[in-house]
Amino acid sequence: MALQQASTKNAEESSEAAPAPYSLRTGVCQQLRQMATVQAAVFAAVELVWASTHLSLYPFGARRPRHGPVGQGYRIEHLSPMQRGMYVSGVAELGTPILLLHGLADNHSIFTLLRRGLLRRGFSQVFAMNYSFRTKDVRTLAVQLAEEIEAIVEETGYERIHVVAHSLGGVIARYYVTRLGGDERVHTLVTLGSPHSGTLLAHVAPTPLGRQLRPASPLMRELNQPAPGCRTRVVAFWSDTDEAVVPAVNASLAQEGVTTTNIRLRGVGHVSLPILPSVVHRIARSLTQLDSDGDPTASVTHISPHPA
């Protein structure tokens, strides 16, 4: 069953676009109303736990991200039943490299549980990269991302990879895909709480990067121009109680020329998005199922064998 047909109690898929522009006050008030529910209160407590855990792991994220592993082959007797099932049903999909890209003022430690979850499910080549929070321009970061992806392509022999990006990372990756020709390298882009139409909270950040993330900024207008013929499919996770994206629906995506599946989550906080087990499971499923056109992700081609 294709990803677009999936539906759960706390998540639903849609193609809704961002509403008419909000003022900062209106956007914050609406967000607070969304959060004034019992379910949201429970998830707020979960968010606090995840945030505390991430804070303890943050110093370890300053280290160079771990790459790979590469070239594990096709032996399955040592794998768990879950991994065996996924290997049998999607050998090519599980071998496709995945790059994890963090958000603003963060590092790859935010993906500790996501990376572990992907490896448990049989994905064999999971990469990550760090970028400096002092960088002032999304465009500069998109060029850095392009260089990292080219290095992964050269190392693994795959001509296209998947990218999973949290928060600002999704904006950077989408700029690369739609404005720098990155759709030739990225098969699927999964974004988690990324302000695709900007966030009103950026008005309280008087920095060059903060100004770029404001709704209707020059960067946002450029980013959301049509991208005809874009080869990358986008899966955008957004939560109605995301405290970093105001209004929350700005983390969904509707861009002409880009094949997009929007997955709405209810009551999930911004930090929880790359950590919550149910989200990790849906990400893994989206990278092994048919895309919106019915083409298997195995169309990601292994162009040269990796040395034994």
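- Side-chain contact, T191 with H196: a donor N or O sits under 3.5 Å from an acceptor N or O.
- In terms of modelled atom types and a separation under 3.5 Å, the side chain of Q212 and the main chain of L219 share no donor-acceptor contact.
- Between the OG atom in S239 and the CG atom in L276 there is a gap of 9.5 Å [rounded to 0.5 Å].
- Qualifying side chain to side chain contact (heavy atoms under 4.5 Å, CB included) partners for L104, counting only residues two or more places apart in sequence or in other chains: L168, L209.
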### Query
Can I98 and V163 be said to form a side chain to side chain contact (heavy atoms under 4.5 Å, CB included), step by step?
CA-CA 6 Å; I98 301 170; V163 175; over 6 Å; no
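- Other residues, nucleotides and ligands contribute only 12 or fewer heavy atoms inside 6.0 Å of the CD atom of E184.
- Atoms CZ and CZ, from F111 and R116 in turn, are 15.0 Å apart once rounded to the nearest 0.5 Å.
- D240 contributes a side-chain N or O that, together with a main-chain N or O of G267, makes up a donor-acceptor pair within less than 3.5 Å.
- Separation of atoms CG (L99) and NE2 (H162) is listed at 12.0 Å; rounding is to 0.5 Å.
- Between P97 and I152, the shortest heavy-atom contact is CB-CG2, 3.9 Å.
- Here the side chains of F127 and L100 are not in contact, with every heavy-atom distance at 4.5 Å or above.
- Remark: the backbone N or O of Y175 is not paired with any side-chain donor or acceptor of R179 at under 3.5 angstrom.
- Under a 4.0 Å N-O distance rule, the pair R185/E148 does not qualify as a salt bridge.
- Side-chain atoms of Q255 and R174 form a donor-acceptor pair, as typed in the model, at a separation below 3.5 Å.
- Across every non-hydrogen atom of F133 and A105, the tightest pair is CB-CA, 3.9 Å.
- Atoms OG and NE2, on S286 and H281 in that order, are 10.5 Å from each other to the nearest 0.5 Å.
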### Message
Is there a side chain to side chain contact (heavy atoms under 4.5 Å, CB included) between N262 and L253? Walk through the geometry before answering.
### Response
CA-CA 7 Å; N262 289 307; L253 177 63; 4.0 Å; yes
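- Of the possible donor and acceptor atoms, one in the side chain of E243 sits under 3.5 Å from a partner among the backbone N and O of H270.
- Here the shortest heavy-atom pairing between G170 and A165 reads N-CB, 3.4 Å.
- T112 is not listed as a side-chain neighbour of L114, based on a closest heavy-atom distance of 4.5 Å or more.
- Looking at residues two or more places apart in sequence or on another chain, you find a ring pair (Phe, Tyr, Trp, His ring centres under 6.0 Å) between Y131 and H102.
- Defined by atom type and a distance below 3.5 Å, a donor-acceptor pair is missing between the side-chain atoms of H187 and T232.
- Rounding to the nearest 0.5 Å gives a distance of 12.5 Å between CG of L141 and NZ of K136.
- Of all heavy-atom pairs spanning D183 and G229, the tightest one is OD2-O, 3.8 Å.
- Two residues are said to be in side-chain contact when any heavy atoms from C-beta on lie closer than 4.5 Å; C230 and T259 fail this criterion.
- One finds the OG1 atom of T188 at 6.0 Å from the CG atom of L287 (value rounded to the nearest 0.5 Å).
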